[in-house]
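Written below as structure tokens is the structure these notes are about.
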Amino acid sequence: MLKRDITTTNVLIVSAGGMIGSGWLFSPFISAQMAGSNALISWIIAAIFMLFIALPLCELGTMFPVSGGMSNYPTFTHGLEVGFLFAWASWLSYVVMTPIEIQAILQYSSHFFPILIESDSTTLTLSNYGYLSAICIMFFVVVLNSYGIKLLAECNKYTSIIKFILPSIAIIAFLHSAPTLNNIQLQLASKESWVQIFSALSAGGVVFAFTGFQNGLILGGEVQNPQRNIPIAILGAILIGFVLYFMLQVSFIAAIPQQYLAHGWQSLNYPGVGGPLVGLALLLGLGTVATLLIIDSAFSPFGTTLVYTAATSRIVYGMALNHHLPSLFLKTNRHNIPYVTLYVNFFVGILSFLPFPGWQKLVAFLSSASILSYGIGPICLLAMRKLQPETKRPFRLWGSLVMSHIAFYFCNLMLYWCGFAILWKLDIALLIGLTIHMVYHRKPFFSCGYALYWFIAYMASLFILSLLGSFGGIGMLKFPFDIMSILPMSLLILYLSQVLLDNSNHERIECTSDELLA
């Protein structure tokens, strides 16, 4: 058993601090490049979506405060295969986080050490020295994570305070340097503008910036008084993150000198865009701010890396608890830390640099896996209401039927907006995961039962709509009819997910909930 050592303050900071990593260093630039001033709308939409998505997770998280968090719930309701696929998606979204944060550290560090980066006309990638540095940083983080969650949470509390202060300094400095707010001009009349807004939301790093609010769920097995603290952590993190990111986007857009916008936001380019906020600070003559940003470009991602390394190991631990993986992954050291999972994720993290060599490419794939895992909330909440109607719910979501349908629709919209080029890669990753699962359990595909078929129909429907749609597809399904088409698909899939439940875990759900709430 893992120790419940994480306090209210620490779990809120773990969730909110997990959102303040490399996202704030790159997302304002990339989303502005994709949508201009309209990127502000992307942040508002993302915050609203995330609040709806978080509410079902609050009910589930207080019912089952287990290590691995939401990656456990589908196994309780839909059986091993569907449970594994959602857990696999959660793990994919988290295991890539450490490489992303380290990529950000090295990309900003290239201001002083150009040898870390190989620059060409299209993107920035790590050099051989950069890869070696990345591996060393990752290994150091794994070692730190081996010494207990209480120590990690306490360290994260103080580092997170600094992580919030330095972006706030940048916001004030950029707004003070902006001659006017004339750069902020919303243009919402055209279809193209909305396509850009939605693209920036999913592929521009906006959704990625909110990744981390669920850390309180994933570390739920080590949280004190989880029935009270988990909802505080989840909802509080989203609100705190939104305020910080929205104001950072406002200040960034306002501070860009007009001469760099002569050819529009899509062509935005200026010296030092490899580290866009530092480059802008130097452009504005804010030398002190630039120095602070360079320091924090290592500090913020490193602090986030510490948290995500811990969270990723708990996802694998939870998968082993649910018999998706061998019991080897349940081994803990004398500090009650699942150390085997730490080192497995370390080796996978090294490989993650290879197929996605740039920050934005890593973020685009991670966003799709994260969004898919968010669908766990509405699907499992409705299933639990059916399977366990009398079970005590410390946090009970009002209007759960309507709220769950809205949340699931929002998840599917964001998945669709990731674009076809990302979705087909996600499908391949899920297929690989399913193959691993079948081989490990020595099961033929057709023996999986009906509970898996709705998930296959789900991903196939999204694939077809994305292929036909206007977000990287062939454009046969025009905007906004493509978005309207997502609604009936969402309603049908959510209905099927409730019809094709797996009742075999009914007794296990009862035992788990009684044990945790005792």
Side-chain angles (χ1 to χ4, degrees), residues 11 15 49-79 82-87 89-91 93-94 212-223 225-238 311 314-315 317-319 321-322 370-408 410-411 451 455 494 497-498 501-503 505-506 508-518:
V11 71
S15 295
F49 279 21
M50 287 300 173
L51 284 172
F52 273 97
I53 288 167
L55 288 170
L57 293 173
C58 286
E59 178 171 318
L60 292 167
T62 55
M63 285 181 69
F64 302 104
V66 293
S67 190
M70 63 188 187
S71 62
N72 293 283
Y73 311 149
T75 302
F76 297 157
T77 57
H78 291 84
V82 173
F84 174 81
L85 286 171
F86 272 114
S90 296
W91 176 74
S93 69
Y94 265 71
F213 77 87
Q214 68 272 40
N215 284 345
L217 282 174
I218 292 173
L219 299 176
E222 295 155 276
V223 174
N225 192 5
Q227 287 71 36
R228 177 175 66 91
N229 292 338
I230 287 177
I232 291 173
I234 294 173
L235 300 177
I238 291 173
R314 273 50 171 196
I315 292 176
Y317 182 87
M319 291 169 75
L321 279 176
N322 287 302
S370 294
I371 295 165
L372 177 62
S373 69
Y374 297 154
I376 289 170
I379 290 170
C380 292
L381 173 60
L382 294 182
M384 284 296 178
R385 290 289 181 93
K386 181 182 292 187
L387 294 172
Q388 292 282 292
E390 303 302 324
T391 299
K392 180 182 177 182
R393 287 166 166 80
F395 177 95
R396 189 178 184 91
L397 178 60
W398 176 84
S400 60
L401 184 64
V402 174
M403 299 291 276
S404 294
H405 278 83
I406 293 173
F408 191 59
F410 286 170
C411 286
F455 186 88
L494 193 54
S497 73
Q498 303 311 302
L501 291 175
D502 187 333
N503 293 311
N505 282 320
H506 184 82
R508 185 179 176 195
I509 298 169
E510 233 173 22
C511 292
T512 304
S513 57
D514 290 345
E515 177 186 338
L516 289 168
L517 297 176

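Quick caveat, the model's predicted, so the values are computed rather than measured.
Here the closest heavy-atom approach between residue Gly377 and residue Leu60 is recorded as O-CD1, 3.5 Å. When every heavy atom of Leu372 is checked against every heavy atom of Phe86, the shortest pair comes out as O-CE2, 3.5 Å.
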- Item | Stepwise side-chain contact (heavy atoms from CB on, under 4.5 Å) test for Arg385 and Leu401 | CA-CA 10 Å; Arg385 290 289 181 93; Leu401 184 64; over 6 Å; no

- Worked verdict on Cys411 versus Ile53 for side-chain contact (heavy atoms from CB on, under 4.5 Å): CA-CA 8 Å; Cys411 286; Ile53 288 167; 3.7 Å; yes

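Contact of the Glu59 side chain with the Met403 side chain is not registered, since no non-hydrogen atoms from C-beta on lie closer than 4.5 Å. Between Pro74 and Ile379 there is no side-chain heavy-atom pair separated by less than 4.5 Å. A 4.5 Å side-chain heavy-atom check between Leu55 and Leu235 finds at least one atom pair inside the cut-off. Side-chain atoms of Ser90 and Ile376, non-hydrogen and from C-beta on, do get closer than 4.5 Å to each other.
Residues Tyr374 and Phe410 place their aromatic rings such that the two centres sit no closer than 6.0 Å.
Separating the OG atom in Ser404 from the CG atom in Leu381 is a distance of 4.0 Å, to the nearest 0.5 Å. To the nearest 0.5 angstrom, Cys58 atom SG is 15.0 Å from Arg396 atom CZ.
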